Amino acid sequence: MDADAAEQITRRIHDLRLTLPAQVTLVAVTKLLPAESIRIAYGAGLRHFGENQVQEAIKKQALLRDLAGITWHLIGHLQTNKVRKAVEHFQWIHSLDSLKLAEKLDQAAADLGQSPQCCLQVKVLPDPPKYGFALSQLEAELPQLDQLSHLQIRGLMTIPPQGSSPETIQQVFRQTQNLAGTINHGQFNRIHIDQLSMGMSGDYPLAIAAGATMIRLGTILFGPRP
Ligand SMILES: *Cc1c(COP(=O)(O)O)cnc(C)c1O
């Protein structure tokens, strides 16, 4: 990467952070980008990085061992055969999208003596191509999710359906915020939601207005992905 491109990323990060409320964590989404991009963002002060794929992240992490204090977030669908690696390489899993996956992850976490922080990925509107809990399904399965003692289920993650209007996006974010309140008023032993992972480059201001605490931004920081 040339110096101009690096400087541009640094400036975008700096400018964007000035606009963010203090309670919002900026997770820089670096899928498909080289480790060098992460290094630049780290140099600009970011410490939270989001990757979609376990294997891709592991390769980059190996190249970035000298950077202390990074929190890694898995934001893409996790296959059950990769749960062990996910627990080893990520502190946050935003894409806990089924009970079956949660049970496998809990088992892997127990084996490894870890307790990963997780977001339940929810679909507040029907969205067939996407992974995630439908609301009725989540309601039915929350008692079982609450039994998983090696997971810290403390967030909700959502992505509005592709092509949604701003009004619909706002509605999705608001409903997710309300859902967190509903869950927290339920009688669960372990599950308590204190994080809302919502908002991407195209819609993050709406997410922040609806209480997002983690926004996942790629394009707006790094430009279009290769
Ligand atoms: C790619 C991706 C992002 C970032 O999207 P941008 O539009 O580039 O900001 C955020 N969240 C998830 C789950 C993603 O896959």
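Since the model is a prediction, treat every value here as computed from it, not as a measurement. Every number for a ligand or one of its atoms is a count from 1 in the order of the listing.
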Chemist: Does the pair Glu56/Lys60 count as a salt bridge with the N-to-O cut at 4.0 Å?
Modeler: yes
Chemist: Identify, for atom 8 (O) of ligand 1, the protein heavy atom at the shortest distance, and state residue, atom and that distance.
Modeler: Thr219 OG1, 2.5 Å
Chemist: Just jot down the ligand 1 atoms closer than 4.0 angstrom to any heavy atom of Gly218, in number order.
Modeler: 4 (C), 6 (P), 8 (O), 9 (O)
Chemist: Please state which protein non-hydrogen atom is closest to atom 9 (O) of ligand 1 and give its distance, to 0.1 Å?
Modeler: Ser201 OG, 2.5 Å
Chemist: Quick check: are there more than 12 heavy atoms from other residues, nucleotides or ligands sitting under 6.0 Å from OH of Tyr131?
Modeler: no
Chemist: Just checking Gln23: does its CD atom have more than 12 heavy atoms from other residues, nucleotides or ligands closer to it than 6.0 angstrom?
Modeler: yes
Chemist: With Gln117, which of His73, Arg154, Gln91, His94 fulfils side chain to side chain donor-acceptor pair (under 3.5 Å)?
Modeler: Arg154
Chemist: Where is the nearest protein heavy atom to atom 13 (C) of ligand 1: which residue, which atom, and how far?
Modeler: Ile75 O, 3.6 Å
Chemist: Of the non-hydrogen atoms in Gly199 and Ala207, which two are nearest, and what is the gap between them?
Modeler: CA-CB, 3.5 Å
Chemist: With a sphere of 6.0 Å drawn around NZ of Lys85, does it hold more than 12 non-hydrogen atoms of other residues, nucleotides or ligands?
Modeler: no
Chemist: Examine ligand 1 and decide if any of its atoms is less than 4.0 Å from a heavy atom belonging to Asn52.
Modeler: yes
Chemist: Look at atom 5 (O) of ligand 1 and say which protein heavy atom is nearest, naming residue and atom and giving the distance to 0.1 Å.
Modeler: Met200 CE, 3.5 Å
Chemist: Any idea which protein heavy atom is nearest atom 14 (C) of ligand 1, and the distance to it?
Modeler: Lys31 NZ, 3.0 Å
Chemist: With backbone taken as N, CA, C and O and side chain as the heavy atoms from C-beta onward, which portion of Ile159 lies under 4.0 Å from ligand 1: side chain, backbone, both, or neither?
Modeler: side chain
Chemist: Would you kindly specify which portion of His94 sits under 4.0 Å from ligand 1, judged on non-hydrogen atoms: side chain, backbone, both or neither?
Modeler: neither
Chemist: Given that the side chain starts at C-beta and the backbone is N, CA, C, O, which of these parts of Leu217 lies under 4.0 Å from ligand 1, counting heavy atoms, or is it both or neither?
Modeler: backbone
Chemist: How far is atom 4 (C) of ligand 1 from its nearest protein heavy atom, and which residue and atom name does that atom have?
Modeler: Arg216 O, 3.7 Å
Chemist: side-chain hydrogen bond (donor to acceptor under 3.5 Å, both in side chains), that's the test. Do Gln8 and Asp4 meet it? Break it down for me.
Modeler: CA-CA 6 Å; Gln8 197 177 22; Asp4 275 1; over 6 Å; no
Chemist: Heavy-atom distance under 4.5 Å between the side chains of Leu64 and Trp72, does that happen here?
Modeler: yes
